[in-house]
Amino acid sequence: MFTGIIQAIGQIEAVTPFDGGVRLTIDAGDLDLSNVGLGDSIAHNGACMTVVEQIPSGKYLIDVSNESLRCTAGLDAIGTVNLEKAMRLGDMLGGHLVSGHVDGVGLVRSFDSVGDNRELIILAPASLAKYLAVKGSVVVNGVSLTTNWIRDVSDGCEFSINLIPHTLSVTTLGAIEPGQRVNLEIDLIARYVERMVSLESK
């Protein structure tokens, strides 16, 4: 489990294909790796991946399967990634409960200045529309965020997020651009409520 509070911005330094996926070399940046070992989980742009090898100078390797590549964005090329280590018992829950399982890939519609803040508008797949609500929680590239408004459109569901300067400076969202694909995870509570309601209606 994760919280959606980004701990560091890392860098994908190398992408090495293998039969079944790619192996990524990650420079962890300011992420503390002192308590990270082989087999531990780290979220990369919201996608939970397993450390398969540790190398000197604050770097490690992860394997990303073809299935994970199919369901995510931003894990197949050199570039920056939001990093968060898995929660430990007793950690503070600063964001919301996040599983690290990407539910869909969204498309950035716009990213405009609103004073010192930025308004981010994302198009989510239609399959996720029923899980999105005004002032609800959503994860974008691993960042726990709150929706401002929701608008159903012909090709999915648009939602707006307000990003403050701090979030822009400590995550990769500060460099996001219209047309970019982003990883989305819907709120766990919404997932279970939908399941319960669907069973009761049968």
Side-chain angles (χ1 to χ4, degrees), residues 1-7 9 43-48 67-75 80-84 87 92-202:
M1 298 297 295
F2 303 89
T3 69
I5 303 299
I6 301 306
Q7 297 168 337
I9 295 177
H44 301 74
N45 277 355
C48 176
E67 174 63 14
S68 293
L69 291 174
R70 184 185 68 82
C71 300
T72 63
L75 297 179
T80 56
V81 285
N82 292 318
L83 300 177
E84 181 189 356
M87 290 179 64
M92 182 169 59
L93 181 59
H96 72 281
L97 288 174
V98 175
S99 69
H101 300 156
V102 175
D103 293 303
V105 175
L107 182 69
V108 176
R109 292 285 212 197
S110 63
F111 189 49
D112 297 322
S113 297
V114 181
D116 291 333
N117 300 336
R118 301 292 292 270
E119 182 187 29
L120 174 62
I121 298 177
I122 295 174
L123 173 69
S127 59
L128 300 185
K130 61 185 175 183
Y131 301 109
L132 297 168
V134 175
K135 302 305 178 185
S137 296
V138 66
V139 181
V140 178
N141 276 359
V143 186
S144 172
L145 297 164
T146 301
T147 59
N148 288 333
W149 54 255
I150 305 291
R151 179 169 58 215
D152 292 315
V153 293
S154 61
D155 51 350
C157 178
E158 290 182 338
F159 63 93
S160 166
I161 292 168
N162 185 65
L163 298 175
I164 62 174
H166 176 76
T167 302
L168 295 170
S169 67
V170 299
T171 73
T172 63
L173 297 183
I176 212 163
E177 296 180 351
Q180 186 172 331
R181 298 166 70 241
V182 291
N183 295 323
L184 303 177
E185 181 183 333
I186 53 93
D187 184 50
L188 281 174
I189 296 175
R191 190 196 313 273
Y192 285 111
V193 168
E194 192 276 335
R195 173 65 173 163
M196 288 187 290
V197 170
S198 66
L199 288 176
E200 290 176 354
S201 62
K202 290 184 178 179

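All values derive from a computational prediction rather than experimental measurement. Note that the numbering runs from 1 along the sequence shown for the chain.
- To the nearest 0.5 Å, atoms CZ (F2) and CG (L83) are separated by 10.5 Å.
- Closest approach of D152 and A129 over heavy atoms only: OD1-CB, 3.9 Å.
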Would V182 and V108 count as a side-chain contact (heavy atoms from CB on, under 4.5 Å) if you check the C-alpha gap in whole Å, the side-chain angles of each, and the deciding distance to 0.1 Å? CA-CA 7 Å; V182 291; V108 176; 4.0 Å; yes

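- Taking a cutoff of 4.0 Å between a charged side-chain nitrogen and a carboxylate oxygen, D155 and R109 qualify as a salt bridge.
- A donor-acceptor pair shorter than 3.5 Å can be found between the side chains of N82 and T172.
- More than 12 heavy atoms of other residues, nucleotides or ligands lie within 6.0 Å of CG in L69, so this atom counts as buried by the packing criterion.
- With rounding to the nearest 0.5 Å, the separation of NE2 in H96 from CD1 in I5 is 9.5 Å.
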Please report the C-alpha distance between M1 and L188 in whole Å, then the side-chain angles of each, then the deciding distance to 0.1 Å, and finally whether the side-chain contact (heavy atoms from CB on, under 4.5 Å) criterion is met. CA-CA 11 Å; M1 298 297 295; L188 281 174; 3.6 Å; yes

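- A47 approaches L75 most closely through the heavy-atom pair CB-CD1, 3.9 Å.
- Taking CG of L107 as the start and CD1 of I122 as the end, the distance is 9.0 Å to the nearest 0.5 Å.
- Note: D103 CG to L184 CG = 8.0 Å, rounded to the nearest 0.5 Å.
- Taking every heavy atom of both residues into account, T3 and E84 meet most closely at N-OE2, 2.7 Å.
- Using a 4.5 Å heavy-atom threshold, the side chains of L123 and C157 count as separate.
- With a 4.5 Å cut-off on side-chain heavy atoms, V170 and I6 do not count as touching.
- When atom types are taken as modelled, the side chain of N183 and the backbone of G46 share no donor-acceptor pair closer than 3.5 angstrom.
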Mind running side-chain contact (heavy atoms from CB on, under 4.5 Å) on V102 and E185 for me, showing each step along the way? CA-CA 5 Å; V102 175; E185 181 183 333; 5.9 Å; no

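- In this structure, L145 CG and I161 CD1 are separated by 4.5 Å, a value rounded to the nearest 0.5 Å.
- Between the side chain of T171 and the backbone N or O of L168 there is no donor-acceptor pair closer than 3.5 Å.
- Interatomic distance, OG1 of T147 versus CG of L120, reported as 12.0 Å (0.5 Å rounding).
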Given the rule in the side-chain contact (heavy atoms from CB on, under 4.5 Å) test, do F111 and L173 qualify, once you have shown the distances and angles that lead to the verdict? CA-CA 10 Å; F111 189 49; L173 297 183; 5.6 Å; no

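- Closest approach of A73 and N45 over heavy atoms only: O-ND2, 4.4 Å.
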